[in-house]
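What you see below is based on every heavy atom in this structure, not just the backbone, and it leaves out hydrogens, waters and symmetry mates.
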Amino acid sequence: MAYSNNNIYVPSRNQSRSLVKDDATAIKPKGAIFIAALGFAQFCLFVALLGPVMVSMVLKAETLSGDSLAITNIVGNVLGVGAIAALIGNVLFGYLSDRTRSRYGRRRPWIVGGVLFMALSLYMISLADSVAVLLIAWFCAQLGANAAFGPFIATLSDQLPRTQYGKASAVIGIAQNVGVLAATWLASKLSGDMFLLFMVPAFIGVAGMLGYALILKDPPSEEPATEFQLKNLLKAFWVNPVKHSDFGYAWLSRFLVIFSTFLFTTYRLPYVIEHFSSESNAVDIVFNGVLAYTICLVICGYLAGKISDRLGKRKVFVFASLVIFSIGTYSLIHLDSITQFYIAEALLGAAFGIYTSVDMALVLEVLPNPDRCGKDLGVFNIAGVLPQSLAPLTGAILLNMTSGDPNYHLLLIVAGVSGLLGAITILPIKKVK
């Protein structure tokens, strides 16, 4: 400990920043402009990044091959390689931003450089005339996006007091999911022009992240960086779940929840076709369902984030929302009409909105070391990226477990159980109420 001449307590340079974070007044609450820029940047980045995942990559693959099986293989291989880049990039660039001692701050150089590299890579995708170029360009796009996203998320811990974690978590959760809807819509409107299909979302992503970088107060770190060693970089990909059990439980919960979500959303369109025999308008049904999902997510997520901050409680919101989400997922087995499908989507959206608005706030409170939050949040983000690759493969196996029609009953039961396990895994966390 250190004291100033007027006997007011001042944390020493070597003292853990976590002690400062325990005092909600140590970091001043941010105003509406900062929160709005935070949400807008998240929205813009996900418009740029998820358009290719949802629609654009399939359309691009169609320009390289006319065979439906070949197109499926191209998309699967390209997105799979991109997922590897995302896994690496989240931790790598979070770790590097923790160590950065630039005059422009720790996070800003990576946010700006990453999003510009992503835009350049999307430009290469628009021009790609071979599968090899497409694969390399998408790998680079994911690296660039995560070079920006990892440090961007770290600014939540850097910039916000704990009393605003719920609000900020709600804003970025809502922005991300609205970005998914906007990316799908935008891709459908620009499908006739490969350049615009990739570069309009790229421009949006750059605009949002640069706007955030401009208003971000990211002063240079005064702490000297330790000597760079490769073994320390490799260690950055690991957080001991026994030593930091709260973080480990939160990581496992996020993995189970995202796995549950993608088990259904990956096969949402064929599910609609199978259950309602309406292949001709299945896309419209899915879009309307996602719209109902998103509207309820926005409303419930915003309210839950504010209430969670006011009460100072996180676990009860996360647990209750995941139980509701699991029930909603299971209910998809028993639907008899399109109207019931829309109601189920609305229920799932409300539950997931509450979850996304509070879960990130919970995670920020169980970080092992706030001084290296970029690295630790990068490790945590693996829990969101990894199941996005595993769920489609697992879903395909579950759907083909029985002969005849795809086994959606089994798929949805597994998805519901996974979500419920995600709720139960939250309960042992001790540091958060």
For residues 287-298, dump all side-chain donor-acceptor pairs below 3.5 Å to protein atoms at least two apart in sequence or in another chain.
{"unit_1": "N288", "atom_1": "ND2", "unit_2": "D284", "atom_2": "O", "d": "3.2"}
{"unit_1": "N288", "atom_1": "ND2", "unit_2": "Y342", "atom_2": "OH", "d": "3.4"}
{"unit_1": "T294", "atom_1": "OG1", "unit_2": "V290", "atom_2": "O", "d": "2.8"}

Could K430 and D246 be called an ion pair, given the rule that one side-chain N must be under 4.0 Å from one carboxylate O?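 So K430 does not pair with D246 through a salt bridge.
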According to side chain to side chain donor-acceptor pair (under 3.5 Å), who are the partners of [X], at least two apart in sequence or on a separate chain?
X: N146; value: N90, Q142
X: W138; value: none
X: Q176; value: Q42
X: S308; value: R314

Taking the side chain as C-beta and beyond, is there a heavy-atom pair between [X] and [Y] under 4.5 Å?
X: L120; Y: L116; result: no
X: F149; Y: W110; result: no
X: L156; Y: I172; result: yes
X: L134; Y: M124; result: no
X: K217; Y: F34; result: no
X: F264; Y: L332; result: yes
X: V358; Y: S321; result: no

Partners meeting side chain to side chain contact (heavy atoms under 4.5 Å, CB included) with [X] (sequence neighbours left out):
X: F139; result: V81, A85, L143
X: V171; result: I35
X: L59; result: V55, E62, S191, M194, L197
X: A147; result: F93

Using atom types as modelled and distance alone, determine if a side-chain donor or acceptor of [X] lies under 3.5 Å from a backbone N or O of [Y].
X: K60; Y: F198; result: no
X: K30; Y: L160; result: no
X: S337; Y: Q340; result: yes

Report the C-alpha distance between Y249 and I426 in whole Å, list the side-chain angles of each, state the deciding distance to 0.1 Å, and finish with yes or no for side chain to side chain contact (heavy atoms under 4.5 Å, CB included). CA-CA 6 Å; Y249 284 125; I426 285 294; over 6 Å; no
Provide the closest heavy-atom pair for [X] versus [Y] in the form atom of the first, atom of the second, distance.
X: L362; Y: A250; result: CD2-CB, 4.0 Å
X: G328; Y: S331; result: O-OG, 2.6 Å
X: V286; Y: V272; result: CG2-CG2, 3.8 Å
X: P161; Y: K28; result: CD-O, 3.8 Å
X: V47; Y: A182; result: CG2-CB, 4.1 Å
X: S253; Y: L322; result: OG-CD1, 4.2 Å

Please confirm whether the ring centroid of F152 lies under 6.0 Å from the ring centroid of Y212.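 Yes.
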Sorted by first residue and then second, give each salt bridge (Lys or Arg N to Asp or Glu O under 4.0 Å) pair with at least one member in residues 76-86; sequence neighbours left out. none
Quick check for you: to the nearest 0.5 Å, what is the distance between [X] atom [atom1] and [Y] atom [atom2]?
X: R108; Y: L216; atom1: CZ; atom2: CG; value: 5.0 Å
X: H334; Y: H275; atom1: NE2; atom2: NE2; value: 9.5 Å
X: S357; Y: Y302; atom1: OG; atom2: OH; value: 11.5 Å
X: L181; Y: F43; atom1: CG; atom2: CZ; value: 9.0 Å
X: Y271; Y: I333; atom1: OH; atom2: CD1; value: 8.5 Å
X: L386; Y: W251; atom1: CG; atom2: CH2; value: 6.0 Å

In a table with atom names and distances, give each donor-acceptor pair under 3.5 Å that connects a side chain of residues 410-424 to protein atoms at least two apart or in another chain.
{"unit_1": "S418", "atom_1": "OG", "unit_2": "L256", "atom_2": "O", "d": "2.7"}

Check step by step if side chain to side chain contact (heavy atoms under 4.5 Å, CB included) holds for C44 and F40. CA-CA 6 Å; C44 291; F40 185 65; 3.4 Å; yes
Using a 3.5 Å cut-off and no angle test, enumerate the donor-acceptor pairs between side-chain atoms of residues 346-356 and protein atoms at least two apart in sequence or in another chain.
{"unit_1": "Y355", "atom_1": "OH", "unit_2": "R254", "atom_2": "NE", "d": "3.2"}
{"unit_1": "Y355", "atom_1": "OH", "unit_2": "D359", "atom_2": "OD2", "d": "3.3"}
{"unit_1": "T356", "atom_1": "OG1", "unit_2": "F352", "atom_2": "O", "d": "3.0"}
{"unit_1": "T356", "atom_1": "OG1", "unit_2": "G353", "atom_2": "O", "d": "3.2"}

Stepwise side chain to side chain contact (heavy atoms under 4.5 Å, CB included) test for I111 and L210: CA-CA 8 Å; I111 292 173; L210 289 186; over 6 Å; no
Between T261 and F325, does a side chain to side chain contact (heavy atoms under 4.5 Å, CB included) hold up when you go through it step by step? CA-CA 9 Å; T261 301; F325 185 82; 3.6 Å; yes
Would you say CD1 of I33 has more than 12 non-hydrogen atoms from neighbouring residues, nucleotides or ligands within 6.0 angstrom?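 Result for CD1/I33: open.
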Checking R107 against S97 for the side chain to side chain donor-acceptor pair (under 3.5 Å) test, could you report, in this order, the C-alpha distance in whole Å, the side-chain angles of both residues, the deciding distance, and whether it holds? CA-CA 6 Å; R107 315 300 183 188; S97 73; 2.7 Å; yes
